[in-house]
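Take a look at the structure below.
Predicted model only: the values in this text are computed from it and were never measured.
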Amino acid sequence: MIEARGLTKRYGGLTAIADVSFKIAKGEVVGFLGPNGAGKTTTMRILTGYLPPSAGSAAVGGFDLAKEGRSAKRVTGYLPESPPLYPEMLVHEYLAYVAALHDVPRRERRDKVARALTACGLETVEGRVVRTLSKGFRQRVGLAQAIVHDPAVLILDEPTAGLDPIQISEIRELIRRLAAEEGRTVILSTHILAEVEAICQRVLLIAYGHLRLDARLDDLRAQGSLEDVFLREVEAAAVPAGKAALVEAEL
């Protein structure tokens with residue numbers, strides 16, 4: 001459902017990600033793990049078609065993003081780190097607006113919005129103005145807009161950032177349910193290890209722009225704690241990254 005092939009993104013002399021490749025099959029829930037600044041958000045933006053790669057290619061749902069970007073976006077639901085909400089709109093109006101943007105036929109919008117509201121536990125606040133909601137409920141609205149067009153793929157960038165422990169637990173459970181009940185393919189970026197252990201089946205670990213690890217979570221647990229694996233891979237990646245920085249400085 002998701003395939004990255006040699007993705008590289010450069011900003012002038014800075015390489016944000018380099019030669020990142022992986023495949024995610026239908027129904028998999030994958031954690032995209034890495035420290036802050038590792039290249040997670042850059043990769044996510046490329047996979048959603050919001051950012052073109054400097055090299056390499058990506059496909060979602062069998063659609064090449066460079067050649068069939070519109071089709072790829074139709075099968076993708078995206079929740080960026082800051083949900084793209086309109087604070088002055090009512091919740092149900094906002095979701096209907098997003099459904100229209102995704103070309104959901106008018107005759108189907110009411111049902112699609114109702115399903116998204118129910119799936120995300122928003123029935124009691126659907127008539128409220130978005131800005132009056134708590135941060136946890138706004139995050140739920142963000143998830144609802146990502147699924148309102150019934151996509152096969154969900155791409156979630158730091159979905160619990162800034163939430164309190166109760167809200168984090170609620171959003172994690174919601175993501176688990178959306179993946180399990182609807183059979184969606186999910187890639188979830190985070191730097192929180194507990195998030196991956198609570199939700200995901202498989203781990204991709206990126207550090208200093210390089211993909212360091214692609215493994216099943218159960219296999220990693222057999223090697224020790226996820227924290228130990230994380231620290232080992234990030235520290236190993238730091239050595240060549242530091243050498244590269246010295247070379248660039250000399251040049």
Side-chain angles (χ1 to χ4, degrees), residues 1-7 9 20-30 32 40-53 56-86 89 91-120 122 126 130 138-159 171 174-189 199 204:
M1 289 299 287
I2 301 175
E3 184 175 3
R5 301 178 289 259
L7 290 180
K9 184 62 180 179
V20 171
S21 299
F22 56 83
K23 292 182 180 181
I24 300 176
K26 181 178 180 180
E28 279 195 293
V29 182
V30 176
F32 194 38
K40 301 187 299 298
T41 294
T42 296
T43 305
M44 292 293 211
R45 287 176 177 169
I46 292 173
L47 293 178
T48 54
Y50 286 91
L51 190 67
S57 61
V60 176
F63 300 106
D64 187 290
L65 279 160
K67 301 174 182 177
E68 304 165 288
R70 191 173 180 85
S71 296
K73 288 179 181 179
R74 283 199 181 101
V75 300
T76 302
Y78 177 41
L79 177 63
E81 186 174 351
S82 298
L85 307 180
Y86 287 90
M89 296 183 75
V91 171
H92 71 86
E93 290 177 340
Y94 168 68
L95 293 179
Y97 170 68
V98 174
L101 291 180
H102 281 291
D103 295 328
V104 173
R106 186 181 294 274
R107 65 183 178 277
E108 298 178 16
R109 286 177 203 165
R110 186 184 296 272
D111 288 341
K112 295 282 191 184
V113 169
R115 285 189 63 190
L117 288 167
T118 300
C120 296
L122 291 166
E126 64 175 289
V130 170
R138 290 199 300 271
Q139 201 74 355
R140 285 174 179 265
V141 176
L143 277 169
Q145 67 80 30
I147 67 169
V148 71
H149 56 301
D150 199 23
V153 175
L154 279 180
I155 298 178
L156 311 176
D157 192 4
E158 306 278 3
I171 295 299
L174 177 54
I175 294 169
R176 275 195 297 267
R177 183 156 43 82
L178 289 173
E181 294 179 3
E182 304 293 336
R184 290 186 174 93
T185 301
V186 179
I187 180 169
L188 162 80
S189 86
I199 300 173
L204 300 170

Fill in: Gap between atom CD of E93 and atom CD of E126 - 0.5 Å precision
11.0 Å

Discussion item. Testing the basics here: between L95 and V141, what is the closest heavy-atom pair and its distance to 0.1 Å?
Written reply: CD2-O, 4.2 Å

Fill in: Min side-chain heavy-atom separation M44-I187 under 4.5 Å
yes

Worksheet item: Side chains of L7 and P53: closer than 4.5 Å at any heavy-atom pair?
Response: yes

Fill in: Closest heavy-atom pair and its distance - K26, T185
CA-OG1, 3.2 Å

Response to the item:
Closest non-hydrogen atoms of T48 and K73, given as atom of the first, atom of the second and distance, are O-CE, 3.5 Å

Practice prompt. With side chain to side chain contact (heavy atoms under 4.5 Å, CB included) as the test, would you mind laying out the steps for R140 and I171 before giving the verdict?
Written response: CA-CA 7 Å; R140 285 174 179 265; I171 295 299; 3.9 Å; yes

Item to complete: Work out which heavy atom in V104 is nearest to a heavy atom in K112; give both atom names and the distance.
Response: CG1-CG, 3.8 Å

Fill in: Counterpart residues, side-chain contact (heavy atoms from CB on, under 4.5 Å), relative to E28 (two or more places apart)
I24, A25, V30, Q201, R202, R216

Fill in: Partners meeting side chain to side chain donor-acceptor pair (under 3.5 Å) with D157 (sequence neighbours left out)
T41, S189

Item to complete: Answer yes or no: is there a side-chain heavy-atom contact under 4.5 Å between E81 and L156?
Response: no

Worksheet item: Got more than 12 heavy atoms from elsewhere within 6.0 Å of CZ, R176?
Response: yes

Item to complete: Any side chain to side chain donor-acceptor pair (under 3.5 Å) involving residues 56-70? Give me the pairs, sequence neighbours left out, ordered by first then second residue.
Response: R5-S57, R5-D64, R70-D103

Worksheet, complete the sentence: Residues passing the side-chain contact (heavy atoms from CB on, under 4.5 Å) test with R177, sequence neighbours excluded, are L174, E181

Fill in: Straight-line distance of H102 NE2 to H149 NE2, nearest 0.5 Å
4.0 Å

Item to complete: Write down the atom of P83, the atom of G142, and the distance for their closest heavy-atom approach.
Response: CB-CA, 4.1 Å

Worksheet item: By ring-ring contact (aromatic ring centres under 6.0 Å, His included), which residues pair with Y78, not counting sequence neighbours?
Response: Y50

Practice prompt. Spell out, as yes or no, whether a donor-acceptor pair under 3.5 Å connects the side chain of E3 to the backbone of V60.
Written response: no

Worksheet, complete the sentence: Distance col, row F32:CZ vs T43:OG1, nearest 0.5 angstrom, shows 4.0 Å

Worksheet item: Below 4.5 Å, heavy atoms only, C-beta onward: do L143 and I147 meet side chain to side chain?
Response: no

Worksheet item: Taking the side chain as C-beta and beyond, is there a heavy-atom pair between Y86 and V130 under 4.5 Å?
Response: no

Worksheet item: Does a side-chain heavy-atom distance below 4.5 Å link L65 with F63?
Response: no

Fill in: Close side-chain approach of R184 to V153, heavy-atom, < 4.5 Å
no

Practice prompt. Using the test side-chain contact (heavy atoms from CB on, under 4.5 Å), find all partners of T42 that sit at least two apart in sequence or belong to another chain.
Written response: K9, Y11, A16, I17, I46, L51

Worksheet item: Between G6 and S21, what is the shortest heavy-atom contact and its length?
Response: N-OG, 2.7 Å

Worksheet entry | Close side-chain approach of L117 and V91, heavy atoms under 4.5 Å | yes

